[in-house]
Amino acid sequence: WKLVPVAERVALCRKAVECFVSHKDDIAKEIAQQMGRPIRYCGGEVNGYAERALYMCDIAEASLADHALPAKDGFSRFIRKEPLGVVLTAAAWNYAYLTAVNSVVPAILAGNACVLKHSSQTPLCAERMKQSFEEAGLPAGVFDILHMSHADTAAAIKDPHTAFVAFTGPVKGGDEVQRAAADGKLIGVGLELGGKDPAYVRADANLAYAVENLVDGAFFNSGQSCCGIERIYVHEQLYDAFVASFVEEVKKYKLGSPLDAEVTLGPCVRTGAADWVRKQVKEAVAAGAKALVDPALFAANKDGTPYLAPQVLVDVDHTMSVMMEESFGPVVGIMKVAGDDEAIRLMNDSSFGLTASVWTADEQRGTAIGNSVDTGTWFVNRCDYLDPGLAWTGVKDSGRGCTLSTFGFDHLTRPKSFHIKNKQA
């Protein structure tokens, strides 16, 4: 497969995307059934899959081209990006296709073979991806799927054929992947391990715009997004108005069955996931926080089930789990700050660093603040979006490595130097 010209690999991957998108309606329903996202939004993931895959197809030939060195009399020299071999992708359920496509398509484009191990929550997503590659005519053995337990996955990582592991999941899982990969082997791993992503609303922010986008950033997919907004810092001059408007916007959600086209907030993926958020909220309130959304406004909210009303907390601080540990659910804490310095300090006071955002009318100042924030992606007046032209990466416990963009190919290849003497004496 690595000897197939890049242009041919690109053509096959484009065809696979076309085949995948042709099943959009069925795929959307399956997403809702498997992990609980409201069906009205599930087609968006199919679109996102296509956007990322096609962008990587667009840049593949240029990104994977040989790097020629300056002319040297009597010699030809260049560096080629050599595929690693077999890439094992372990993808997550929350965005089942997006967490997979980030490494699967670039790996195949780069000349690797790829094996996908998907979450047990979303097994049909792996089947759909295999179907699309088969329909496109990808040669047998270039892409395959395995439904495996954690123990079997560890064995697959240790298998001598596995040359690289791309993992999306919790920090504990990332640690286990690193340990398995280091057990008698020297292979690379890419880890995307989640976040506790902050937003800072400056005094000059467009209030209505910031509220609308941050509510969506916090509660879309029931807050089950690695780069979702989990904590918000608002300048004291805007704080009261922001909180009041934010709460009213949150109250507009309709909680219910993901298969109901009118529902805008689905259940958490499991009852245990909802219970973790309930625990965080309860502990925060006991420590002095105020919950501003009455769960009774959401008829489907019920203890002992994955159906959980959205919640907004104020009077929170960094002694509380809800502001420090990943919630991965429909809750957000909001704190008042005096200015940029305090906001920067609080944003950096985290073991995570996937994305962070600032909301301001001063684009230059907003960009400058980003230089002081420890994060993989810095947004100005945007959040919770992955642009495939940019490197998707994290710092601290949010992981290591990089997917997408031209830099993503560097982690799925190795440099191979060619040193050719043109004339022999």
Side-chain angles (χ1 to χ4, degrees), residues 52 89-92 94-95 98-99 102-103 106 164-179 181-182 187-200 214 217-218 223-233 318 321-328 332-333 335 337 340-360 365-412:
R52 297 183 189 186
T89 292
N94 61 315
Y95 284 98
L98 300 185
T99 59
N102 287 356
S103 58
F164 185 85
V165 182
F167 172 81
T168 303
V171 175
K172 182 176 182 293
D175 181 63
E176 292 171 353
V177 166
Q178 283 199 120
R179 291 176 185 275
I187 64 171
V189 296
L191 306 173
E192 202 262 83
L193 307 179
K196 190 72 182 174
D197 291 5
Y200 168 39
L214 287 172
Q224 299 169 132
S225 173
C226 299
C227 59
I229 297 298
E230 294 213 0
R231 50 197 176 106
I232 302 174
Y233 306 99
H318 280 210
S321 167
V322 76
M323 295 300 287
M324 300 301 290
E325 298 183 63
E326 189 170 28
S327 301
F328 223 62
V332 67
M335 286 180 64
V337 295
D340 295 352
D341 290 344
E342 184 180 9
I344 291 168
R345 177 178 62 80
L346 290 168
M347 284 191 283
N348 284 334
D349 183 27
S350 174
S351 60
F352 294 101
L354 188 57
T355 79
S357 65
V358 65
W359 303 78
T360 178
R365 178 56 187 157
T367 303
I369 292 171
N371 292 325
S372 299
V373 178
D374 300 327
T375 186
T377 296
W378 176 249
F379 291 105
V380 179
N381 298 322
R382 196 173 195 182
C383 66
D384 194 26
Y385 176 76
L386 196 162
D387 183 333
L390 295 172
W392 186 239
T393 183
V395 299
K396 298 188 277 191
D397 284 350
S398 285
R400 58 181 294 190
C402 165
T403 57
L404 300 177
S405 79
T406 189
F407 295 100
F409 284 117
D410 293 341
H411 293 262
L412 299 166

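Both backbone and side-chain heavy atoms feed into the values below; hydrogens, waters and symmetry mates do not.
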Backbone N or O of [Y] within a donor-acceptor pair of the [X] side chain at under 3.5 Å?
{"X": "Glu230", "Y": "Asp197", "result": "no"}
{"X": "Glu192", "Y": "Gly194", "result": "yes"}
{"X": "Trp392", "Y": "Thr377", "result": "no"}
{"X": "Asn102", "Y": "Ala166", "result": "no"}
{"X": "Ser398", "Y": "Leu193", "result": "no"}
{"X": "Ser357", "Y": "Val380", "result": "no"}
{"X": "Gln178", "Y": "Val189", "result": "no"}
{"X": "Tyr200", "Y": "Asp340", "result": "yes"}

4.5 Å side-chain heavy-atom contact, [X] and [Y]:
{"X": "Asn348", "Y": "Val373", "value": "yes"}
{"X": "Phe352", "Y": "Asp397", "value": "yes"}
{"X": "Pro198", "Y": "Leu346", "value": "no"}

Heavy-atom closest pair, residues [X] and [Y]:
{"X": "Phe164", "Y": "Gly188", "value": "CD1-O, 3.3 Å"}
{"X": "Tyr95", "Y": "Gln224", "value": "CE1-O, 3.9 Å"}
{"X": "Ala356", "Y": "Thr375", "value": "N-OG1, 3.4 Å"}

With sequence neighbours excluded, what pairs up with Asp410 under the salt bridge (Lys or Arg N to Asp or Glu O under 4.0 Å) test?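 Asp410 satisfies salt bridge (Lys or Arg N to Asp or Glu O under 4.0 Å) with Lys81 once adjacent residues are dropped.
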Qualifying salt bridge (charged side-chain N to carboxylate O under 4.0 Å, His left out) pairs, either residue in residues 368-379, two or more places apart: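 As it turns out, there is no salt bridge (charged side-chain N to carboxylate O under 4.0 Å, His left out) pair with a partner in residues 368-379 once direct neighbours are skipped.
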Take a 6.0 Å sphere around CG of Asp349 and say whether it holds more than 12 heavy atoms from other residues, nucleotides or ligands. yes
Throw together a table of side-chain donor-acceptor distances under 3.5 angstrom for residues 167-175, partners on residues two or more places apart or in other chains.
residue: Lys172; atom: NZ; partner: Glu176; partner atom: OE2; Å: 2.6
residue: Asp175; atom: OD2; partner: Arg179; partner atom: NE; Å: 2.9

Please name the residue in the list Arg231, Lys396, Met324 that meets the side-chain contact (heavy atoms from CB on, under 4.5 Å) test with Lys196. Arg231
